[in-house]
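Here is how names work: the chains are called A, B, and so on, in the same order as the sequence lines, proteins then strands, and each is numbered from 1. Side chains included, hydrogens not; waters and symmetry mates left out as well; all remaining heavy atoms used. Not measured: the values here are computed from a predicted model.
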Amino acid sequence: MSHIEITLPDGSKQSVAAGTRPIDIARGISPRLADAALAAKVNGEMFDVTRPIEQDATLQILTARDPESLEVYRHSAAHLLAAAVLELYPETQLGIGPPIENGFYYDFDRPTSFTPDDLEKIEKKMWEIQARALPYERVLTSKEEGLKKYSEAWMKCQLIEEKAGEVFTEYTLGPRFIDFCRGPHVPDTSKIKAFKLLSIAGAYWKGDEHNKQLQRIYGTAFFSAKELDAYLKQVEEAKKRDHRKLGKELDLFSIQELAGPGLIFFHPKGGIIRKQLEDWMRDQYLKRGYSLVYTPHVARIDLWKTSGHANFYAANMFTPIKLDDADYQLKPMNCPFHILIYADRQRSYRDLPVRLGELGTVYRYERSGVLNGLFRVRGFTQDDAHIFCTPDQIENEVVDCLQFAIDTLAAYGFEKYDAELSTWDGGTSGKYDGTPEQWAMAEGALQRACDKLKVAAKTIPDEAAFYGPKIDVKLVDAIGRKWQLSTVQFDFTLPRRFGLEYIAEDGKAHQPLMVHRALYGSIERFFGILIEHYAGAFPVWLAPIQAIVLPITDRQTEYARAIQKQLDDAGIRATVDDRNEKVNLKIREAQMQKIPYMLVVGDREQENGLVAVRNRKHADQGAKSIAGFLAEIKALIDSKAVSE
RNA sequence: GCCACCCUAGCUCAGCUGGUAGAGCGACUGAUUCGUAAUCAGUAGGUCGCCGGUUCAAUCCCGGCGGGUGGCUCCA
């Protein structure tokens, strides 16, 4: 029998018989390791611990300590799910069942749909199978034989036809379950210690809505019950921060059935926050050399024909409105309007760059199923600007945009973000507009801007808009979720379609470069992100009510009002709670409204002209002079401090 | 748009296999004047999302519509 040499991660070598399995080697090292082994890496390739090694190799045993094994583990959990489903409902057809970011899913095809009760039954069955310690067995099959074997399973056949080589691997689990699968898997079901089924959803076969819709069961799995609980707690935490819930509790905004879905009503408190966001952005526009413009909400359809939207964006637009003279289109974008302003007069290179900024409200038709609170709506306001410039200026402009985006994030307390540079495919598909020179220039400018600002942007090929490359900035919020925010995009198409020009030094007309950028993206959506990021406890400068005066008895009502007046005069948003209620109740309610400062005033404060300051996060701060408190809160507001 | 689920008082939610509804909070009224997260008592409040069907009888069963939630798809 031939021998092979196995090299372990610590550099030690072992000579073993060919066909020895990773689990055997693990057992030789320690029974505990063998017990903990979930998968192996053989010459860098993922292996089952029970798959024989046939040649000299480096070997690494993967356990719960190796992040790579989590995917294997969850993939095995998906198989466990499918095996349970087949035991309960043998007529079910299997689709695919991969691990995903926070768990796994499996797609099924069956005539009747799963109910939440079924989910419970299935999960119970999974635990039964888990307890049986059924092995995941790897089987090699020829394509021909496989197609025969799976002749009843239409989805598997399709996959085998498309993906399988002449010989492919399958994994079995118990008597019924067999799956066309690359693997690897954990050795047996007893290794899967903590899992939970989460939800049922419709999902199209291969993600194409023209295909049959399958039933997808989502679940999650972790190495330990503790980690699973922590994950479920985090999901709970996210639910607590849900902007739809907080929006109602804090009376910030609403969506009215009578008015229509996807249309946002800002209530007084949300309105104040919105005003802060808008004021901040408009101030920044002016500080950074943008001009503020205002444009209509509708325009003749001809404008949209010229821009091309009437054609390529039709599916996202509201139906045109018929008037006397023509059809009018509610605007889905601001760009054509800004272009009209640019084109309204002749431009010299001396005028450039022209930066036209607007808080422009646009309307887009979104399919009903995708609407989501403030995040996905049918009418929203973009902090939209378009920059028209010469090739010499472009790099500076892009750098400024990116810096502006970073400053915006910082202003709202976002410390972490990711950037993505979306580029074209090199022109092979023909789906992109613009010349190779334009693409090279634009992608170069975006890349150099990132380099200059030390932004590590991930390049994503073939993800650009058809009209030009872009940088997208995604922020990371307080609980680690990512949100698409700012975007800086080149546009080669619109300047051409509208015949934009400027007169250069050579006295000839040239086409300007156009950059489209939005930093909040949508004010509604950004507001929603802020609500969740701060969990409703807005920084003082944004808080709808910044301080509330709480008189203890009605003897202090007048004093409380006088304090409120002083705060008002100082530009602080303050109210008084002079209801005939105990101070405990007033504090409780103010806390729940997440009002930053509560100023308790009783006889003691009144006599000495003080306020007893309570902060929503740091509780009782003791008595202070009114002037002292004013200075403190004003400092926070003026500096736009993100926490007090 | 598609699949599944949900819609009961202002809010959050109960309501067993069909016999037209209940709690807590809130609102209102009264009492209480009180020191850092809920004072007590009383009163009012619902065509059970809307329309239709089955039934002696529908909040409950069936169908349609509207809205929402989780996904899918889409997101130029």
Side-chain angles (χ1 to χ4, degrees), chain A residues 100 105 107-109 112-119 198-218 235 239 242 244-245 248-249 251 255-262 307-309 311-317 332-333 335 364-373 375-377 422 431-433 463-468 470 484 487 489 491 493-494 516 521-522 525 550-557 578-593 598-605 612-616 618-623:
Chain A
I100 52 174
Y105 67 79
D107 284 343
F108 303 98
D109 180 22
T112 54
S113 39
F114 291 120
T115 66
D117 286 347
D118 293 336
L119 222 55
L198 299 173
S199 60
I200 310 164
Y204 299 103
W205 170 236
K206 290 183 182 168
D208 183 338
E209 65 177 317
H210 302 295
N211 287 341
K212 181 159 190 190
Q213 189 157 38
L214 310 171
Q215 295 181 62
R216 174 171 297 176
I217 296 180
Y218 281 96
V235 171
K239 263 191 207 152
D242 191 310
R244 293 166 300 195
K245 184 171 177 283
K248 182 172 266 185
E249 286 171 6
D251 197 15
I255 297 168
Q256 300 288 333
E257 184 168 341
L258 192 55
S307 69
H309 290 91
N311 178 26
F312 64 75
Y313 208 65
N316 285 288
M317 299 200 295
M333 292 192 190
C335 355
R364 296 183 186 176
Y365 172 73
E366 298 283 359
R367 301 214 264 177
S368 59
V370 309
L371 298 173
N372 173 232
F375 289 161
R376 194 78 181 274
V377 297
S422 299
K431 66 183 173 184
Y432 293 101
D433 204 356
E463 269 300 311
F466 80 86
Y467 50 75
K470 61 176 178 175
Q484 159 74 46
T487 182
Q489 312 189 338
D491 192 328
T493 304
L494 287 177
H516 166 114
S522 142
R525 186 181 142 82
L550 308 179
I552 291 175
T553 74
D554 54 18
R555 286 192 302 281
Q556 293 91 34
T557 305
D578 56 6
R579 291 175 303 167
N580 176 12
E581 294 290 353
K582 289 192 163 186
V583 73
N584 279 317
L585 182 87
K586 296 181 183 182
I587 286 173
R588 178 181 149 82
E589 293 188 353
Q591 280 289 151
M592 290 196 305
Q593 285 296 305
M598 287 150 263
L599 306 177
V600 178
V601 293
D603 289 334
R604 291 204 299 269
E605 287 73 22
V613 177
R614 180 188 166 99
N615 176 274
R616 63 183 168 190
H618 311 300
D620 195 348
Q621 305 286 291

Asks: Under 4.0 Å between any heavy atoms, over every strand shown, what does A:Ala612 touch: base, sugar-phosphate, or nothing? Just pick one.
Replies: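 Base, at least one base atom sits under 4.0 Å.
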Asks: Look at A:Tyr218 and B:rC72 and indicate whether a side-chain polar atom (N or O) is within less than 4.0 Å of OP1 or OP2.
Replies: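 So the side chain of A:Tyr218 is within the cut-off, an N or O lying under 4.0 Å from OP1 or OP2 of B:rC72.
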Asks: Given side chains that start at C-beta, do those of A:Asp603 and A:Arg555 come closer than 4.5 Å, heavy atoms only?
Replies: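 Side chain of A:Asp603 against side chain of A:Arg555, heavy atoms only: contact under 4.5 Å found.
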Asks: Looking at the base of B:rU73, is there any donor atom on it, or on the side chain of A:Arg367, that sits under 3.5 Å from an acceptor on the other one?
Replies: yes
Asks: Under 4.0 angstrom, heavy atoms only, what part of the nucleic acid is A:Lys248 near: base, sugar-phosphate, or nothing?
Replies: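 Contact class for A:Lys248: sugar-phosphate only.
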Asks: Using a 4.0 Å heavy-atom cut-off, does A:Arg614 contact any base of the nucleic acid, only the sugar-phosphate backbone, or nothing at all?
Replies: base
Asks: What's the gap between B:rA4 and B:rG64 when it is taken at their P atoms, as a whole Å value?
Replies: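 Comparing P positions in B:rA4 and B:rG64 gives a spacing of 11 Å.
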Asks: With no hydrogens and no angle check, just 3.5 Å: does a side-chain donor-acceptor pair link A:Arg614 and A:Gln591?
Replies: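 Result is yes, a qualifying pair exists.
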Asks: Distance between the C1' atoms of B:rG63 and B:rU54, in whole angstroms?
Replies: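 So the two C1' atoms sit 11 Å from each other.
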Asks: Name the nucleic acid region contacted by A:Gly207, choosing base, sugar-phosphate or nothing; use a 4.0 angstrom heavy-atom cut-off, strictly under.
Replies: sugar-phosphate
Asks: Looking at every strand, decide which applies to A:Asp554 at a 4.0 Å heavy-atom threshold: base, sugar-phosphate, or nothing.
Replies: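 Base contact.
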Asks: Looking only at atom C1', what distance separates B:rG15 and B:rA58, rounded to whole Å?
Replies: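 Taking atom C1' in both B:rG15 and B:rA58, they lie 15 Å apart.
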Asks: Please classify the nucleic acid contact of A:Tyr105 as base, sugar-phosphate, or nothing, using heavy-atom distances under 4.0 Å.
Replies: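 Nothing, no nucleic acid heavy atom in range.
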Asks: Which is true for A:Met333 with a 4.0 Å heavy-atom rule: it touches a base, it touches only sugar-phosphate, or it touches nothing?
Replies: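 Since only primed, P, OP1 and OP2 atoms lie under 4.0 Å of A:Met333, the category is sugar-phosphate.
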Asks: What is the nucleic acid contact for A:Arg376, judged by heavy atoms within less than 4.0 Å: base, sugar-phosphate only, or nothing?
Replies: base
Asks: Using the P atoms only, state how far B:rG19 lies from B:rU59, rounded to an integer number of Å.
Replies: 10 Å
Asks: Reckon A:Asp603 touches a base, only the sugar-phosphate, or nothing at all at heavy-atom distances under 4.0 Å?
Replies: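 If one applies the 4.0 Å heavy-atom cut-off, A:Asp603 turns out to touch a base.
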Asks: Quantified in whole Å, what is the C1' atom distance between nucleotide B:rG10 and nucleotide B:rG46?
Replies: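 These two C1' atoms come out 12 Å apart once rounded.
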Asks: Need one value for A:Tyr313: base, sugar-phosphate or nothing, where a base atom within 4.0 Å counts as base even if backbone is also close, heavy atoms only.
Replies: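 A:Tyr313: backbone/sugar contact only, no base atoms under 4.0 Å.
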Asks: What interatomic distance, in whole Å, is found between C1' of B:rC60 and the corresponding atom of B:rG53?
Replies: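 After rounding to an integer number of Å, I get 15 Å for this pair.
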Asks: When all nucleic acid strands are considered with a 4.0 Å heavy-atom cut-off, which category describes A:Ser368: base, sugar-phosphate, or nothing?
Replies: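 Base, at least one base atom sits under 4.0 Å.
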Asks: Within the structure provided, determine whether A:Asn584 and A:Arg588 are in side-chain contact (heavy-atom separation under 4.5 Å).
Replies: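 Answer no - side chains too far apart.
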Asks: State which of B:rU69, B:rA37, B:rU39 makes the closest approach to the side chain of A:Met592.
Replies: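 Comparing B:rU69, B:rA37, B:rU39 against the side chain of A:Met592, the answer is B:rA37.
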Asks: How is A:Ala203 classified with respect to the nucleic acid when contacts are heavy atoms under 4.0 Å: base, sugar-phosphate, or nothing?
Replies: sugar-phosphate
Asks: Select base, sugar-phosphate, or nothing to describe what A:Glu605 touches, counting heavy atoms under 4.0 Å on all strands.
Replies: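 If one applies the 4.0 Å heavy-atom cut-off, A:Glu605 turns out to touch a base.
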Asks: What distance, rounded to whole Å, do you find between the two C1' atoms, one in B:rA57 and one in B:rG18?
Replies: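 Nearest-Å result for B:rA57 against B:rG18 at atom C1': 8 Å.
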Asks: Just say parallel, tilted or perpendicular for the rings of A:His309 and A:Phe312, cut-offs at 30° and 60°.
Replies: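 It falls in the tilted class, 30° to 60°.
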Asks: Report yes if some heavy atom in the side chain of A:Arg579 is under 4.5 Å from a heavy atom in the side chain of A:Leu585; otherwise report no.
Replies: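 SC-SC contact between A:Arg579 and A:Leu585 confirmed.
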Asks: Regarding A:Lys206 and A:Asp208, does a basic nitrogen lie under 4.0 Å from an acidic carboxylate oxygen?
Replies: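 Salt bridge: no.
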Asks: At under 4.0 Å between heavy atoms, what does A:Ile552 touch on the DNA or RNA strands: base, sugar-phosphate, or nothing?
Replies: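 Base: the residue A:Ile552, judged by heavy atoms under 4.0 Å, touches a nucleobase.
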Asks: Quick one: does any side-chain atom of A:Glu209 pair with a main-chain N or O of A:Gly207 as donor and acceptor, under 3.5 Å?
Replies: no
Asks: Whether the side chain of A:Glu209 and the base of B:rC2 hold a donor-acceptor pair under 3.5 Å is what I'd like checked.
Replies: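 Check fails, no donor-acceptor contact within cut-off.
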Asks: Could a donor-acceptor pair under 3.5 angstrom be found where the side chain of A:Tyr204 meets the base of B:rG1?
Replies: yes
Asks: Using the C1' atoms only, state how far B:rG26 lies from B:rU33, rounded to an integer number of Å.
Replies: 23 Å
